[in-house]
Amino acid sequence: MLELRAISKTWKPARGASRSLLRDLDLQVAAGETVAVLGPSGSGKSTLLKIMAGLEAPDAGQVWLDGRDISALPPHRRQCGLLFQDFALFPHLTVQDNVAFGLVEQGLPRRLARSQADDLLERFGMQTHALARVWQLSGGEQQRVALARALITAPRILLLDEPFSALDAALRETLRAEFQQRIAQAGMAVVWVTHDEAEARSVGARGLRLVEGALQALW
Ligand SMILES: Nc1ncnc2c1ncn2[C@@H]1O[C@H](COP(=O)(O)OP(=O)(O)OP(=O)(O)O)[C@@H](O)[C@H]1O
Ligand SMILES: [Mg+2]
């Protein structure tokens, strides 16, 4: 169970007035559950995910995972997989090494990490691309690699920030179904941010809207 407890965050720009983005916000996401988050541009959706991942600190409140306060843990110790639209793959690495990255970072020997990456790429139907550079792939293939990279460490939490916004409608639909299936098998707490209400309804058993610092239940 992923829990946000009384999270507050104010954005203080270098000039102009500060803005309260998140106000005393609570959220619980059970293992195996996908929650979809909608909300206007600039409402703080990406900030919310960054706080869960440990990439940004809240002004107040805590992040808990399975009954443990993980607020003080750095990102790589939070068992958190990330898939951000602008979280680019490493262009200088092969597809295989992009996917293996999280395991190497955890101290697994490169040979073993690559072999596990190959297994995952095979399951994703991407094994023929293992030694390609990521810039040789299409946008949809790159997002598949990004998902494989996010899943390889078997995270407890998966955070997706508009994963398909750069893709065309047909590919979005195909990948959505494919991602849902892979995510369902992994039993993680999933928070899926999207602008697309149809996508949100199909992925999220629960839908929330972030408005003026609070999460409102949509369904
Ligand atoms: N580190 C930062 N640098 C610049 N602006 C920031 C930063 N952190 C927060 N902000 C501001 O906070 C607000 C919320 O940003 P955030 O990216 O979380 O919104 P969002 O809901 O994800 O928007 P979008 O739907 O456009 O992706 C924006 O107005 C943004 O300018
Ligand atoms: Mg955003």
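Note that ligands are numbered from 1 as they come in the structure, with each ligand's atoms numbered from 1 the same way. Not measured: the values here are computed from a predicted model. Side chains are part of it too, since the values below use all heavy atoms of this structure and drop only hydrogens, waters and symmetry mates.
- Atoms of the protein (N, O or S only) found under 2.8 Å from the Mg ion (ligand 2) are Ser46 OG.
- Taking 4.5 Å as the limit, some side-chain heavy atom of Glu178 sits within range of a side-chain heavy atom of Arg144.
- For the pair Cys80 and Arg156, the minimum side-chain heavy-atom distance is 4.5 Å or more.
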Donor-acceptor pairs are to be reported for all side-chain atoms of residues 118-127 against protein atoms at under 3.5 Å, with residues two or more places apart or in another chain.
{"residue": "Asp118", "atom": "OD1", "partner": "Gln96", "partner atom": "NE2", "Å": "3.2"}
{"residue": "Asp118", "atom": "OD2", "partner": "Gln96", "partner atom": "NE2", "Å": "3.2"}

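- For residues 138-189, every residue pair satisfying the ring-ring contact (aromatic ring centres under 6.0 Å, His included) rule, not counting sequence neighbours, is listed here: Phe164-Phe179, Phe164-Trp192.
- Remark: Arg5 does not engage Asp26 in a salt bridge, criterion side-chain N to carboxylate O under 4.0 Å.
- For the pair Arg206 and Glu33, the salt-bridge criterion is met [side-chain N within less than 4.0 Å of a carboxylate O].
- A heavy-atom distance below 4.5 Å is found between the side chains of Leu4 and Leu25.
- Atoms OG1 and CG, from Thr94 and Asp97 in turn, are 3.5 Å apart once rounded to the nearest 0.5 Å.
- Closer than 4.0 angstrom to ligand 1 by heavy atom are Trp11, Arg19, Leu21, Pro40, Ser41, Gly42, Ser43, Gly44, Lys45, Ser46, Thr47, Glu162, His195, sorted by chain and number.
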message: Does Thr194 form a side-chain hydrogen bond (donor to acceptor under 3.5 Å, both in side chains) with Glu162? I'd like the steps, not just the answer.
response: CA-CA 5 Å; Thr194 174; Glu162 307 196 36; 6.0 Å; no
